[in-house]
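Everything numeric in this text was worked out from a predicted model, so none of it was measured. Each chain gets a letter, A, B and so on, in the order its sequence line appears, and its residues count up from 1.
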There are 2 protein chains.
Amino acid sequence: MAHKSAVHGHAPLEVLVGRVPIFAGLAPEELQEIAGRVRLRRHVRNEQLYGAGENNPFLMIIHSGQVKIFRITESGHEQLIRVLGEGDFLGDMSFISGAPKDHFATTLETAEICALHHDDLRDYLLRYPSVTYKMLETLSSRLESTERQLSALAGEDADHRLAAYLLELADEHPTAKFPLPIAKKDVASFLGLTPETLSRKLTQFEDAGMIRQHPRRTIELVDVPALHRL
Amino acid sequence: MAHKSAVHGHAPLEVLVGRVPIFAGLAPEELQEIAGRVRLRRHVRNEQLYGAGENNPFLMIIHSGQVKIFRITESGHEQLIRVLGEGDFLGDMSFISGAPKDHFATTLETAEICALHHDDLRDYLLRYPSVTYKMLETLSSRLESTERQLSALAGEDADHRLAAYLLELADEHPTAKFPLPIAKKDVASFLGLTPETLSRKLTQFEDAGMIRQHPRRTIELVDVPALHRL
DNA sequence: CGCTAGATTGAAACGAGTCAATTACGGTGG
DNA sequence: CCACCGTAATTGACTCGTTTCAATCTAGCG
């Protein structure tokens, strides 16, 4: 039973599904089949998709918007793990391990998200090895960046972590002036800092002539070599 | 060209290969084929299997011994990422991403390790989806524990990290008295601490009556609830 | 356009790192 | 098998980066 395109102004579901990296390369009729098993929903900003302890049996695929994945440590501290965007999926962990979630997922902005039941996913993974392989690629790259983040947290001080983060962002943008993709408090959480420390470091970088801060959380890198040097 | 079992006193290669989790479940003739493509080598203690920047095109599978995976941060700090043992594999990252290694792998003790060329691995992943799926499971569970470790490093203080680590070890042992699986300096690195701090915390725990330290890096948990409470 | 969450700034406390010196293992070779 | 040597572990004193707490300011969503 195919859903009708629930969201106005959008391409049909199978086209959306075909744009998702892990399903890219499947034949049109295969996409159509998957599209028929998928439930597309619109989520408002700051909506919790699932929380720790829950057992939400869906693989979720983001068509638009951003989702943040974070943990709450025993001491109540919120640790941002990663931010997912268009084409990314979440909910894979509990599919594979069968264990309930141990983290939280909430939207950072209005988002359109597909949900595919774990039973269906299992079916596709068995029938389309290319999908399994794509997931493997994705997890591998997530693992790599999480490991990098881990060693940065343990080994580098606040200045280095922040500089590395800004330079990484700069790589993803054509110009040296770009907005932070997320709120500063989330940047702080991601970098393992308090918002206060982040704020101080940013003004410190600005005073040192390495960056400039503009309205709407926009950062301009003025002295890239200095940031690299640090 | 099949290798002869190079290591004395061991089962034939295909039996060893069959014991490896990611190849478990393959038919005998499939195992035999893989065994024929594999090179088994004995490595001495503290041997470097590969280092950052290298491009070692092998998936390595551990038959015996332990291997540590670590990174060297820009500030020269060594960060232990994980310790792999019998049945675990390494060298998957660069296979999938094609990028050169960004970390180091060295043996912690004498180890027997199989190497499978990336070209052969690619072949098997295409032909045996169950192998791909097993790898997916493994990476997923590594990602999960790395994320846990990440949030602990950022959010928990030294006491909590150490207590959690000891309790985790205790879960893997029948009794409350067990040896640390690795040298204390490696434990320190794993927990994001200096050896000095780890040493101090352990004596502090001992003074508080929560643990007892015995020779040969053996720890005895005396007051488990207290460790949980912390 | 008002309200609330986010951001900034200051002052003070503290956890963990660093440096240095000593002791204790444990692996290697005789 | 034992002795030696080098690495690991421990201990102490001191420093410093980051957190914490508190107050104020700002901005963006509803």
Taking side chain as C-beta onward, heavy atoms only, is B:Lys184 less than 4.5 Å from B:Pro195? no
4.5 Å side-chain heavy-atom contact, B:Leu153 and B:Leu191: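 They are not in contact (no side-chain heavy atoms under 4.5 Å apart), so the answer is no.
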If you assign B:Pro195 and A:Leu193 each to the DNA chain D nucleotide with the nearest heavy atom, which residue ends up on the more 5' nucleotide? B:Pro195
Distance check needed: [N] [atom2] versus [X] [atom1], whole Å only.
{"X": "A:Leu153", "N": "C:dA16", "atom1": "CG", "atom2": "C1'", "answer": "15 Å"}
{"X": "A:Gln204", "N": "C:dT8", "atom1": "CD", "atom2": "P", "answer": "14 Å"}
{"X": "A:Glu156", "N": "C:dA16", "atom1": "CD", "atom2": "C1'", "answer": "17 Å"}
{"X": "A:Asn46", "N": "D:dG28", "atom1": "CG", "atom2": "P", "answer": "15 Å"}
{"X": "B:Leu191", "N": "C:dA16", "atom1": "CG", "atom2": "P", "answer": "12 Å"}
{"X": "B:His160", "N": "C:dA16", "atom1": "NE2", "atom2": "P", "answer": "10 Å"}
{"X": "A:Arg216", "N": "D:dA27", "atom1": "CZ", "atom2": "C1'", "answer": "10 Å"}
{"X": "B:Leu180", "N": "C:dC25", "atom1": "CG", "atom2": "C1'", "answer": "15 Å"}

Using 30° and 60° as the class boundaries, would you call the ring planes of [X] and [Y] parallel, tilted or perpendicular?
{"X": "A:Tyr50", "Y": "A:His103", "answer": "perpendicular"}
{"X": "A:His117", "Y": "A:Phe58", "answer": "perpendicular"}
{"X": "B:His173", "Y": "B:Phe178", "answer": "parallel"}

Is the phosphate of [N], meaning OP1 or OP2, less than 4.0 Å from a side-chain N or O of [X]?
{"X": "A:Thr194", "N": "D:dT19", "value": "yes"}
{"X": "B:Lys184", "N": "D:dT10", "value": "yes"}
{"X": "B:Thr197", "N": "C:dG17", "value": "yes"}
{"X": "B:Lys201", "N": "C:dA16", "value": "yes"}

Go nucleotide by nucleotide along DNA chain C from the 5' end; which of B:Arg45 and B:Arg200 gets its closest nucleotide reached first?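 Result of the comparison: B:Arg200.
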Using side-chain hydrogen bond (donor to acceptor under 3.5 Å, both in side chains) as the criterion, point out the one residue from B:Gln79, B:Gln149, B:Arg71, B:Arg82 that pairs with A:Glu147.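 In the set B:Gln79, B:Gln149, B:Arg71, B:Arg82, the residue that makes a side-chain hydrogen bond (donor to acceptor under 3.5 Å, both in side chains) with A:Glu147 is B:Arg82.
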Do you see a donor-acceptor pair shorter than 3.5 Å between the side chains of A:Glu112 and A:His43? no
Do the side chain of B:Glu196 and the base of C:dC19 come within less than 3.5 angstrom through a donor-acceptor pair of N or O atoms?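 Such a pair exists between side chain and base.
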Between C:dA16, D:dT18, D:dA8, which nucleotide gets closest to the side-chain atoms of B:Ala183? D:dA8
Could you give the angle between the helix axes at the two ends of the helix from C:dC1-D:dG30 to C:dG30-D:dC1, with five pairs per end, rounded to 10 degrees?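 One end axis against the other gives 70°.
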Under 4.0 Å, counting only non-hydrogen atoms across every strand here, what does B:Gln213 touch: a base, just sugar-phosphate, or nothing? sugar-phosphate
Looking across every strand, which nucleic acid part, if any, lies under 4.0 Å from A:Gly155 by heavy atom: base, sugar-phosphate, or nothing?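 Contact class for A:Gly155: none.
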When you measure from the side chain of B:Ser97 to the backbone N and O of B:Met93, does any donor-acceptor pair fall under 3.5 Å?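 Yes, the answer is positive, given that a donor and an acceptor are paired below the 3.5 Å cut-off.
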